[in-house]
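First up is the structure itself, then whatever we jot down about it.
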Amino acid sequence: QVQLVESGGGLVQAGGSLRLSCAASGRTPGSYIMGWFRQAPGKEREFVAAISWSGGSSYYADAVKGRFTISRDNAKMYLQMNSLNPAATAVYYCAAASRLRIVTAPPAYDYWGQGTQVTVSS
């Protein structure tokens, strides 16, 4: 079993920045992609960004491209979020999938963290 634990969420004013972290532990697959998703109240969980096993490839949702940066260091993953706006308010989830190619659909991910709240005030 794989455990994913997120940290770094909180309250920030519009225009500010936050850095989320995700630590993977347990029986991690030999190679796996990692991703960030978010879910706002009353909305479906949506893809934010994902990164390959090596960290050499990444993919972003259009809504965050140019403002968010995903990175990873072995079993740890990060999401640097800049120029935050109230639309970014959501619970952010870390996820991992036993795949080599980046995918964006939530059902494709095998493991999930418990989520961390990000609130952006106007």
Side-chain angles (χ1 to χ4, degrees):
Q1 191 72 356
V2 177
Q3 292 81 44
L4 301 174
V5 179
E6 305 97 335
S7 60
L11 174 64
V12 64
Q13 288 188 331
S17 298
L18 278 176
R19 188 189 193 214
L20 303 183
S21 300
C22 173
S25 62
R27 292 193 171 188
T28 53
S31 58
Y32 54 98
I33 63 171
M34 297 185 77
W36 288 100
F37 291 79
R38 66 186 180 187
Q39 188 165 18
K43 295 188 177 181
E44 293 187 354
R45 190 168 299 188
E46 65 174 2
F47 171 78
V48 175
I51 192 165
S52 63
W53 163 246
S54 67
S57 297
S58 58
Y59 187 76
Y60 297 89
D62 288 343
V64 306
K65 204 172 294 183
R67 298 184 298 114
F68 289 14
T69 303
I70 190 171
S71 60
R72 72 183 291 177
D73 178 11
N74 292 328
K76 286 192 175 181
M77 179 179 64
Y78 307 94
L79 185 69
Q80 177 67 43
M81 305 186 293
N82 298 328
S83 302
L84 285 163
N85 56 55
T89 295
V91 177
Y92 283 71
Y93 296 91
C94 166
S98 302
R99 295 170 177 265
L100 294 178
R101 294 185 63 184
I102 289 175
V103 291
T104 63
Y109 286 76
D110 307 300
Y111 308 103
W112 292 86
Q114 81 288 351
T116 185
Q117 177 70 47
V118 171
T119 302
V120 184
S121 64
S122 57

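- Under a hydrophobic clustering in which Ile, Leu, Val, Met, Phe, Trp and Tyr are joined whenever their side-chain heavy atoms come within less than 4.5 Å, directly or via other members, Val64 and Phe37 fall into different clusters.
- Cation-pi geometry between Arg72 and Tyr32 is met: the NZ or CZ atom falls under 6.0 Å from the ring centre, inside 45° of the normal.
- Rounding to the nearest 0.5 angstrom, the gap separating the NZ atom in Lys76 from the OG atom in Ser25 is 11.0 Å.
- A donor-acceptor pair under 3.5 Å is absent between the side-chain atoms of Gln13 and the main chain of Ser121, judged by distance alone.
- Expressed to the nearest 0.5 Å, how far CZ of Arg19 lies from CE of Met81 amounts to 11.5 Å.
- In plain terms, the two heavy atoms of Leu4 and Ala24 that are nearest each other are CD2-CB, 3.5 Å.
- With sequence neighbours left out, Tyr78 forms a ring pair (Phe, Tyr, Trp, His ring centres under 6.0 Å) with no residue at all.
- One distance of note links CG of Asp73 with OG of Ser21; it measures 11.0 Å at 0.5 Å rounding.
- Considering only heavy atoms from C-beta on, Thr104 stays 4.5 Å or farther from Tyr60 through its side chain.
- With rounding to the nearest 0.5 angstrom, the OG atom of Ser58 is 12.0 Å from the CD1 atom of Ile33.
- Minimum interatomic distance between Trp112 and Pro106 (heavy atoms only, all atoms of both residues): CZ2-O, 3.4 Å.
- With a 4.5 Å cut-off on side-chain heavy atoms, Asp110 and Val2 do not count as touching.
- The two residues Asn82 and Ser17 have their closest heavy-atom pair at OD1-OG, 2.9 Å.
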Would you mind writing out the side-chain donor-acceptor pairs for residues 88-103 within the sub-3.5 Å range, not counting sequence neighbours?
unit_1 : atom_1 : unit_2 : atom_2 : d
Thr89  : OG1    : Pro86  : O      : 3.0
Thr89  : OG1    : Val120 : N      : 2.9
Thr89  : OG1    : Val120 : O      : 3.4
Tyr92  : OH     : Arg38  : NH1    : 3.0
Tyr92  : OH     : Ala88  : O      : 2.7
Arg99  : NE     : Ala108 : O      : 3.4

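- Here Phe47 contributes atom CZ and Trp36 contributes atom CH2; the two are 12.5 Å apart, rounded to the nearest 0.5 Å.
- Leu18 approaches Gly8 most closely through the heavy-atom pair CD2-O, 3.9 Å.
- Listed by first and then second residue, the salt bridge (charged side-chain N to carboxylate O under 4.0 Å, His left out) pairs involving residues 54-67 are Asp62-Lys65 (not counting sequence neighbours).
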